[in-house]
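What you see is a predicted model, and the numbers here were worked out from it, not measured in a lab.
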2 protein chains.
Amino acid sequence: MSAADATILLVDDHSVVREGYRSVLQKQPGLRVVAEAADGAEAYRLFKSEAPDLVIMDLSMPGIGGIEAIRRIRQWDKGARILVFTMHQNAGFAVQAIRAGARGYVTKMSPPETLVRAVMDVLAGKIAISPDIDHELALSRISGESSAADVLTPREFEVLRLLLAEQTTEEIAETLHVSPKTVANLHSLIKDKLGVDSDIELVRLALRQGILTQVDLGEA
Amino acid sequence: MSAADATILLVDDHSVVREGYRSVLQKQPGLRVVAEAADGAEAYRLFKSEAPDLVIMDLSMPGIGGIEAIRRIRQWDKGARILVFTMHQNAGFAVQAIRAGARGYVTKMSPPETLVRAVMDVLAGKIAISPDIDHELALSRISGESSAADVLTPREFEVLRLLLAEQTTEEIAETLHVSPKTVANLHSLIKDKLGVDSDIELVRLALRQGILTQVDLGEA
DNA sequence: CGAGTGCCGGGAAAATTTCACGACGTTGCA
DNA sequence: TGCAACGTCGTGAAATTTTCCCGGCACTCG
């Protein structure tokens with residue numbers, strides 16, 4: 001391990017998946033995994049203490065999600081390089097992640113080479129998008145339908161995600177360290193922006209746009 | 001690799017995740033990964049040609065899902081040993097998987113040791129359930145998420161269906177020729193009976209129980 | 001018959017949703 | 001450089017909805 005090795009922080013709530021990253025990245029010279037986190041809050045903490053050259057981050061995690069973690073890290077260090085590596089093959093998520101400050105977006109469907117390539121690109125200062133997401137983005141541009149990701153600010157999108165995942169307004173307020181009133185206001189604003197009247201329509205729209213997938217229903 | 005090695009088929013649609021399995025399992029003597037599949041159909045095909053001692057299978061995959069793949073494999077070979085390894089920390093999925101013929105259920109949240117232990121247990125003929133799912137199953141038996149069709153009266157069930165499909169309380173009231181007040185009362189009663197606090201949870205529960213199917217979301 | 005249950009809705013309190021408004025920091029652009 | 005636009009956070013008050021408690025009606029079953 002030379003001093004010139006690029007240091008990496010892995011963020012994913014599944015330990016075996018992190019093991020997979022490691023295995024793939026270890027084969028690549030010049031890279032060194034220096035820390036691992038299982039959720040957004042831990043990622044933020046470790047970023048501050050370890051100051052890695054690159055963060056590889058999943059999006060769907062317990063507590064504060066990947067988008068919010070990206071926001072916080074970028075707020076702490078404007079130059080932070082974050083590569084999103086997620087199962088969500090969805091243009092909306094990609095748009096939100098990039099807006100929040102991510103420098104790359106690769107799906108877990110991609111072959112390992114794509115991940116390695118993206119890591120190298122981001123470290124070299126480029127923006128890296130995996131081909132399937134490029135395709136999704138192209139499609140969403142053609143169909144021209146305004147997705148939730150287009151009209152919502154990052155903060156609103158994060159609240160939407162938590163609304164779909166967490167239970168109560170109070171819990172979300174605590175997670176985001178804001179007043180319950182603010183969450184309620186955002187909840188209302190989100191429905192307004194998306195043109196739905198009820199929470200039921202909101203969930204249906206989220207399902208159609210892939211913001212909430214069937215796999216997310218797991219946490220009973 | 002001795003002839004006595006237990007042969008394993010890995011099934012997961014994310015290649016990097018398969019890499020993670022491999023990395024963890026390689027450290028364990030007596031195990032040998034002989035094939036990998038990225039979806040249910042390929043898993044079935046490979047099982048027939050490779051006849052592995054054990055299948056480690058994810059549930060959420062494109063095309064035919066894990067549950068259906070388990071069913072087909074067990075139909076082909078009644079003695080097939082299949083260990084489910086998935087992100088779904090959900091008692092309902094576990095029950096479904098076991099019923100379909102799986103011999104074990106471990107979540108991806110689990111530490112690698114738990115997976116290894118489960119692999120050994122299943123190979124030894126035992127049933128392996130990870131602790132978190134044990135806990136979920138216990139919970140579901142105690143406070144049990146009552147199935148909607150079970151606790152709801154026909155009228156309530158009808159209102160639930162319309163709530164998921166129609167938009168407003170007023171429209172439902174008109175459809176059923178009752179006062180909006182009654183619909184609102186029933187709406188509240190339904191949530192109470194199903195043990196959910198918000199409409200969002202209500203929709204999620206309906207999705208889990210198949211009352212609302214994801215394919216049926218087309219009509220806005 | 002009487003007890004239990006499903007179904008319907010009124011009234012009022014409680015909670016939430018919505019709207020209007022202001023403050024603050026950042027971004028971007030002229 | 002200044003200033004307009006925007007995102008974020010929050011308050012207060014009105015409007016609406018949700019929830020709880022209530023009674024009435026019809027039907028079934030032992």
Side-chain angles (χ1 to χ4, degrees), chain A residues 40 44 64-65 67-80 95-102 146 148-164 166-203 205, chain B residues 146 148-164 166-203 205:
Chain A
Y44 181 48
I64 76 168
I67 301 279
E68 177 68 14
I70 292 170
R71 251 175 48 91
R72 293 193 190 176
I73 289 175
R74 292 278 298 189
Q75 204 164 344
W76 167 267
D77 175 4
K78 286 290 198 305
V95 169
Q96 279 301 322
I98 300 290
R99 276 208 201 138
S146 68
D150 289 331
V151 301
L152 298 184
T153 66
R155 192 59 156 178
E156 288 159 358
F157 192 79
E158 176 67 5
V159 169
L160 172 57
R161 199 187 68 80
L162 290 172
L163 279 169
L164 298 172
E166 304 252 350
Q167 298 89 357
T168 71
T169 297
E170 280 72 21
E171 286 167 342
I172 297 172
E174 196 180 341
T175 301
L176 297 180
H177 305 299
V178 298
S179 93
K181 184 71 186 183
T182 296
V183 176
N185 279 338
L186 285 172
H187 186 169
S188 174
L189 183 60
I190 288 165
K191 285 200 284 185
D192 187 41
K193 277 194 175 185
L194 297 182
V196 301
D197 290 330
S198 68
D199 282 344
I200 289 177
E201 284 182 85
L202 187 65
V203 178
L205 182 139
Chain B
S146 29
D150 199 46
V151 305
L152 297 185
T153 67
R155 192 58 157 179
E156 288 160 357
F157 195 80
E158 176 71 4
V159 170
L160 173 56
R161 268 200 21 243
L162 290 172
L163 278 169
L164 298 173
E166 305 254 348
Q167 299 90 352
T168 70
T169 298
E170 280 72 21
E171 284 166 344
I172 297 172
E174 195 181 342
T175 301
L176 297 180
H177 305 296
V178 297
S179 93
K181 181 70 191 193
T182 297
V183 176
N185 277 337
L186 285 172
H187 187 170
S188 176
L189 183 60
I190 288 166
K191 285 199 283 186
D192 186 41
K193 277 195 175 182
L194 296 182
V196 302
D197 289 330
S198 68
D199 282 343
I200 289 177
E201 283 182 87
L202 187 65
V203 178
L205 182 141

**Item:** Point-to-point distance, once rounded to the nearest 0.5 Å, from CG of L189(B) to NE2 of H187(B)
**Value:**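 L189(B) CG to H187(B) NE2: 11.0 Å, rounded to 0.5 Å.
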**Prompt:** NE2/H177(B) to OG1/T182(B) distance, rounded to the nearest 0.5 angstrom?
**Reply:**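 It comes to 13.5 Å.
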Do [X] and [Y] touch side chain to side chain, with heavy atoms closer than 4.5 Å?
X       : Y       : value
R155(A) : L176(A) : yes
E201(B) : L205(B) : no
K191(A) : D199(A) : yes
T153(A) : K193(A) : yes
L202(A) : L160(A) : yes

Just the rounded figure in Å: distance from [atom2] of [N] to [atom1] of [X].
X       : N       : atom1 : atom2 : answer
D199(B) : dT16(C) : CG    : C1'   : 12 Å
R72(A)  : dG7(D)  : CZ    : P     : 20 Å
K191(A) : dT16(C) : NZ    : P     : 13 Å
E174(B) : dG9(C)  : CD    : P     : 14 Å
K193(B) : dT5(C)  : NZ    : P     : 10 Å
L186(B) : dT18(D) : CG    : P     : 13 Å
D197(B) : dT17(C) : CG    : P     : 12 Å
E156(A) : dG7(D)  : CD    : C1'   : 8 Å

**Request:** For L189(B) and for P154(A), find the nucleotide of DNA chain D with the closest heavy atom, then tell me which residue's nucleotide is more 5'.
**Result:** P154(A)
**Message:** Given L162(B), which partner from the list L186(B), I172(B), T169(B) fulfils the side-chain contact (heavy atoms from CB on, under 4.5 Å) test?
**Reply:**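 Only one option passes, and that is I172(B).
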Quick check for you: among [options], whose closest atom lies nearest to any side-chain atom of [X]?
X       : options                   : value
T153(A) : dG7(D), dG10(D), dT19(D)  : dG7(D)
A184(B) : dT17(C), dG10(D), dT19(D) : dT19(D)
T182(B) : dC8(C), dT18(D), dC9(D)   : dC8(C)

Residue pair [X] / [Y]: nearest heavy atoms and the distance that separates them:
X       : Y       : value
R72(A)  : T175(A) : NH2-O, 3.6 Å
A173(B) : S179(B) : CB-C, 3.8 Å
E170(A) : P180(A) : OE2-CB, 4.4 Å

For nucleotides 13-17 of chain D, list the nitrogen or oxygen atoms of the protein found under 3.5 Å from its nitrogen or oxygen atoms, one pair per line.
residue : atom : partner : partner atom : Å
dA13(D) : N6   : K181(A) : NZ           : 2.8

Could you list, one pair per line, each protein nitrogen or oxygen that sits under 3.5 Å from a nitrogen or oxygen of nucleotides 22-26 of chain C, together with the distance?
none

**Asked** If an axis is fit to five pairs at each end of the helix from dC1(C)-dG30(D) to dA30(C)-dT1(D), what is the angle between the two, to the nearest 10°?
**Response** 30°
**Asked** Would you say a side-chain N or O of S179(A) is under 4.0 Å from OP1 or OP2 of dG10(D)?
**Response**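 For dG10(D), OP1/OP2 do have a side-chain N/O of S179(A) under 4.0 Å.
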**Message:** Can you tell me whether the side chain of N185(A) and the base of dT11(D) have a donor-acceptor pair closer than 3.5 Å?
**Reply:**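 Yes, a donor-acceptor pair under 3.5 Å.
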**Asked** Are more than 12 heavy atoms from other residues, nucleotides or ligands located less than 6.0 Å from atom CD of E174(A)?
**Response** no
